[in-house]
There are 2 protein chains.
Amino acid sequence: MANYQATLEEIFQALADPTRRQVLERLSLGPAAVSQLAEPFAMALPSFLQHLKVLEQGGLVRSEKLGRVRTYYLVPETVKRARTWFDNQLRVWDRRFDQLDSLLLALDAHETTNPDKHKEVT
Amino acid sequence: MANYQATLEEIFQALADPTRRQVLERLSLGPAAVSQLAEPFAMALPSFLQHLKVLEQGGLVRSEKLGRVRTYYLVPETVKRARTWFDNQLRVWDRRFDQLDSLLLALDAHETTNPDKHKEVT
DNA sequence: ACTATACTTAGGTACATGGCTAACTATCAA
DNA sequence: TTGATAGTTAGCCATGTACCTAAGTATAGT
């Protein structure tokens, strides 16, 4: 079951749900069994298991079963991989000499010929 | 339209879609107009606009309209806010003296009384 | 062997999401 | 003022997602 090279797609998809993020938050404290993980949530167990599957498919967690009990634990490498995406975006952004100038430049020739006409900020 | 305090929920929701992540990647290079942003994608413009709305609602981008042209730009503060979530998870994780020990501990007394019986790794 | 525990599987439902076309509005350029 | 350009709005449709209940399997405890 362990997904050792989940796609960014799978990872972000897994992170999109608040229940799953809470599970990750819990697991960052340390491993836990299914029923322990499920306890804070109101939903039925099968619904909850679905979330665990998505997390495991996204490579964010792994699990091991011993007897009746399945224990889940975090895979920090994958969490780091997700964080890297943000680092990259921000790094590229930081490299732009001056973002404000870029914006004004992008807003273009209008500024000079039609100063402030039709301006609408959202 | 600008969402100055988007919830983590809105942010992660916005990040879940590959089209939207690509838009962010483009915008990390600098501002761009709607049609420029839309150009790499096969979808119809109204479908694409929907994505821009989600990004703006998530506070990840903002826009300004001048004449007919609406220009979008990145809001790095929000990207940073998302990254912080990952930092937090990883920081908590790092603080655990020894995650491997935790796992073994979580797997519990069985190990000692029933060594390796029924073991199943997924 | 018998019951409780801890998941697991199967299948079904409601709503959210991401896509579409058609039709409209507001500039800009000639 | 007329046409082209750049978005925008409205409404529809297919699929995916997150939930549910019911029923099954595998261990553990008595």
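Chain identifiers are assigned alphabetically (A, B, ...) following the order of the sequence lines, protein sequences preceding nucleic acid strands; residue numbering begins at 1 within each chain. Since the model is a prediction, treat every value here as computed from it, not as a measurement.
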Is there a side-chain polar atom (N or O) of A/Ser47 under 4.0 Å from OP1 or OP2 of D/dC20? yes

With a 4.0 Å cutoff (strictly under), does any side-chain N or O of A/Arg68 reach OP1 or OP2 of C/dT8? no

Could you tell me whether the phosphate oxygens of D/dA6, OP1 or OP2, come under 4.0 Å of any side-chain nitrogen or oxygen in B/Lys65? no

Relative to the 5' end of DNA chain D, which residue comes earlier, B/Leu49 or A/Phe48, by the nucleotide with the nearest heavy atom? B/Leu49

Between P of D/dC19 and CE of A/Met43, the distance in whole Å: 4 Å

Sub-4.5 Å side-chain heavy-atom contact between B/Leu24 and B/Leu55: yes

Just how far, in rounded Å, is C1' of C/dG18 from CG of B/Leu52? 14 Å

Taking only side-chain nitrogens and oxygens of B/His51, does any of them come within less than 4.0 Å of OP1 or OP2 of C/dT17? no

side-chain N/O A/Ser35 vs C/dC7 OP1/OP2, d < 4.0 Å: yes

Counting only side-chain nitrogens and oxygens, does B/Gln13 get under 4.0 Å of the OP1 or OP2 atom of C/dT17? yes

Picking from D/dT9, C/dC7, D/dG7, the nucleotide nearest the side-chain atoms of B/Lys53 would be D/dT9

Rounded interatomic separation in angstrom, taking CD from A/Glu64 and C1' from C/dC7: 16 Å

For C/dG18, does OP1 or OP2 lie under 4.0 Å from any side-chain N or O of B/Thr19? no

Rounded to the nearest Å, what distance is computed from the OH atom of residue A/Tyr72 to the P atom of nucleotide C/dA6? 16 Å

Name the closest nucleotide to the B/Pro46 side chain, picking from C/dG18, D/dT9, D/dA22. D/dT9

Closest to side chain of B/Val34, choosing from C/dT8, C/dA6, D/dG7: D/dG7

